[in-house]
There are 2 protein chains.
Amino acid sequence: MEARHLRYALALAEHGHFGRAARALGIAQPPLSKQIADLERETGARLFDRTRRGVFPTAAGEAFLARARRALQEMTAATVDAGRAARGETGRLRLGFIASALLAPLPDVLGRFGRERPDVRLELHEMASSRSASALIAGELDVAVTLGPPRGAGAEHLVSVPIGHDHLIAVVSSAHPYAGQESVTLDQLRRRPLIVAAGEDEPAVTAGLRTLLGEDSPALIGATFARDVHTIIGLAACGVGVGLGPSRMLSAPRPGVRFCEVTPRTALPDLILSFTDEDRSPALGAFLDTVRRNCPDVGAALDRRLSHA
Amino acid sequence: MEARHLRYALALAEHGHFGRAARALGIAQPPLSKQIADLERETGARLFDRTRRGVFPTAAGEAFLARARRALQEMTAATVDAGRAARGETGRLRLGFIASALLAPLPDVLGRFGRERPDVRLELHEMASSRSASALIAGELDVAVTLGPPRGAGAEHLVSVPIGHDHLIAVVSSAHPYAGQESVTLDQLRRRPLIVAAGEDEPAVTAGLRTLLGEDSPALIGATFARDVHTIIGLAACGVGVGLGPSRMLSAPRPGVRFCEVTPRTALPDLILSFTDEDRSPALGAFLDTVRRNCPDVGAALDRRLSHA
DNA sequence: GAGCGGCGATACCTGTTGTGTATGGGGAGG
DNA sequence: CCTCCCCATACACAACAGGTATCGCCGCTC
């Protein structure tokens with residue numbers, strides 16, 4: 001049985017007349033008679049009553065037609081759904097990211113993507129950069145935002161572009177002596193208890209601070225370690241010490257704290273957007289489009305990475 | 001798009017390999033490649049990723065396959081449902097009947113039919129015989145049980161067989177003087193207040209009683225009229241008088257009442273089973289089969305009526 | 001009642017197309 | 001570098017969907 005038989009049966013039921021149904025189908029009457037006869041032979045049941053006043057479905061015909069309608073609806077829906085999925089309008093996007101990326105630029109990008117593609121199911125997984133990388137390579141994620149480029153076996157197959165440049169800034173309570181300053185010097189940092197990050201991703205950051213402030217700086221030795229940037233800011237607000245973190249903390253202003261630049265300006269590892277370029281899903285393509293439109297410079301980098309790929 | 005494309009796409013997704021899928025489908029590999037290519041061109045989306053390790057559906061392919069599976073299920077279900085409907089295993093049977101037919105023989109027949117054809121939706125409409133007849137002719141009923149053969153315009157196109165022979169019996173309270181008797185005579189009836197039927201169908205019955213008992217019998221003039229047999233029995237139980245009704249009342253025994261034959265035995269109009277013979281629905285055919293098996297004599301009459309039709 | 005017209009079924013032919021065979025191209029593994 | 005595996009392409013054929021002509025049947029009308 002083919003879809004043609006269903007279409008013909010439905011047309012016949014609708015018009016109640018072989019000749020008119022055939023004309024509506026754009027074929028001649030004899031082929032329609034034959035196809036209906038074939039269908040009745042295959043189903044083993046008479047589906048239509050041919051009377052002088054018209055052609056009417058039998059009880060078996062009614063049962064058949066109800067299913068036929070749904071079958072054809074499913075078939076057209078199949079094409080529609082495939083098209084939507086291919087254009088990235090539906091589907092699933094699994095995103096791994098480090099928590100601090102939620103300060104910036106993820107809120108903008110995710111908000112925009114959610115509005116542009118309301119039918120894409122976003123699966124958001126906060127995880128350390130190293131786990132994001134291995135999950136990407138294992139095919140468990142579609143895209144990831146990591147601190148620095150992903151490393152490890154298979155990372156060479158990933159496409160990575162910087163999505164945010166950060167430098168080191170300080171955060172202090174409004175009551176803190178540094179609160180009025182535009183910037184703080186390294187010497188000033190060395191004289192105060194510090195609050196620094198201690199997540200899975202942070203050994204490199206901490207090492208960078210050691211080099212910056214001096215290997216055995218008492219401020220670092222007596223530092224408070226926090227698992228995420230919000231804790232750093234919170235502790236700074238309590239006056240525990242001088243918080244140090246990425247400049248994207250500026251996206252999380254909070255009453256009672258002030259941010260200061262650190263002099264000299266010190267670069268931190270970039271936020272990196274990574275994905276596997278083979279088998280790129282349409283939803284990922286749509287996401288990259290959104291990123292492209294949201295951050296022109298990232299878009300340009302993307303185009304460079306994808307053109308020679 | 002034809003059902004073939006769906007079957008091929010599903011087979012390809014299942015086997016993940018053009019060659020093996022083609023073998024499973026009983027065709028060669030190139031035709032499968034061509035059909036899949038045609039399908040992808042028609043949907044406008046690449047549905048499968050051809051990799052060295054196998055063929056896998058894309059996101060669009062997954063969306064398509066989900067719909068394709070349902071479409072094919074509907075198609076096979078269409079054939080199954082049509083067959084079931086054609087055999088009268090499903091569908092609808094609209095039965096019109098007079099209330100007293102519920103005493104006998106409808107309970108047996110309906111009970112058996114309900115067990116044998118649990119998926120046929122029974123629509124039961126209690127109505128007067130004349131309304132049953134016109135509803136049958138108008139195509140609003142499939143079958144009817146009436147008191148006497150249906151009359152009126154179009155009734156000649158109906159097939160009718162007697163489904164029960166009844167004669168007049170009396171019903172009295174256990175305390176009634178006649179309660180101990182096997183039978184009562186017409187004279188005895190004339191000496192007591194009577195309770196007789198007064199439904200839409202009953203003028204003929206009442207007329208029969210007049211002839212039987214005498215035109216101006218005081219028992220009839222002072223009779224109590226009841227709309228249905230259960231009321232007749234109930235009034236008799238209260239000692240209002242001697243109830244008169246069809247012998248199928250014997251199927252409704254009740255504490256506190258006794259039934260007596262009436263001497264001489266007096267025939268009443270038969271219960272008649274009628275249906276339209278043209279466009280006989282499978283459910284009706286199944287119902288007639290049940291009747292045939294339940295009442296052999298009715299079956300024989302049916303066969304006689306249908307053979308020469 | 002005979003002729004007529006409408007409708008579906010049948011017979012036969014034609015053109016499309018689904019399928020088979022043979023072959024090409026491209027990547028992975030030895 | 002060769003070989004194998006796999007999918008795509010090329011081409012021929014056969015099956016079948018569809019077109020044309022016609023038949024059989026029934027109801028209608030003159």
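Keep in mind that what you see is a predicted model, and the values were worked out from it rather than measured. Letters A, B, ... are given to chains in the order of the sequence lines, protein chains preceding strands, and every chain is numbered from 1.
Listed nucleotides: dA17(D), dA10(D), dC7(D). Nearest to the side chain of P30(B): dA10(D).
Taking atom CZ on R4(B) and atom P on dA15(D), their separation rounds to 16 Å, with Å as the unit. The separation between E2(B) atom CD and dA17(D) atom P is 9 Å, rounded to whole Å. To the nearest angstrom, P of dT9(D) lies 11 Å from CG of D38(B). Residue L32(B) contributes atom CG, which lies 10 Å from atom C1' of dC7(D) at whole-angstrom precision. Here dC7(D) presents its P atom at 13 Å from CZ of R53(B), a figure rounded to the nearest Å. As rounded to whole Å, 18 Å separates atom P of dC6(D) from atom CG of D49(B).
Proximity of a side-chain donor or acceptor of E74(A) to a complementary backbone N or O of A66(B) within less than 3.5 Å is not detected. Between the side chain of E40(A) and the backbone N or O of F48(A) there is at least one donor-acceptor pair closer than 3.5 Å. For H15(B) (side chain) and H17(B) (main-chain N/O), no donor-acceptor pair under 3.5 Å exists by modelled atom type.
Here the rule is side-chain contact (heavy atoms from CB on, under 4.5 Å) with R94(B), and of L284(B), L122(B), V143(B), D142(B) only D142(B) fits it.
Using a 4.0 Å heavy-atom criterion, one finds that Q35(B) contacts the sugar-phosphate atoms exclusively. Looking at heavy-atom distances under 4.0 Å, Y8(A) makes contact with sugar-phosphate atoms alone, never a base. Using a 4.0 Å heavy-atom cutoff across all strands shown, G16(B) reaches no nucleic acid atom at all.
Taking 4.0 Å as the cutoff to heavy atoms of chain A, we find the contact window on DNA chain C bounded by dC7(C) to dT10(C).
In terms of phosphate contacts, R52(B) brings no side-chain nitrogen or oxygen within less than 4.0 Å of OP1 or OP2 of dC5(D). OP1 and OP2 of dC7(D) both lie 4.0 Å or more from every side-chain N or O belonging to S33(B). Within the 4.0 Å cut-off from OP1 or OP2 of dA17(D), not a single side-chain nitrogen or oxygen of H5(A) is found.
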Take F287(A) and V291(A), measure what side-chain contact (heavy atoms from CB on, under 4.5 Å) needs, and give me the verdict at the end. CA-CA 6 Å; F287(A) 183 74; V291(A) 171; 3.9 Å; yes
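Between H17(B) and P31(B), the one whose closest nucleotide on DNA chain D sits nearer the 5' end is H17(B). Position along DNA chain D of the nearest nucleotide to A28(A) versus G54(B) favours G54(B) as the more 5'-ward residue.
Summarising the geometry, atom CZ belonging to R70(B) is positioned 10.0 Å from atom CD belonging to Q73(A); distances are rounded to the nearest 0.5 Å.
The shortest side-chain heavy-atom distance between M1(A) and T76(B) does not fall under the 4.5 Å cut-off.
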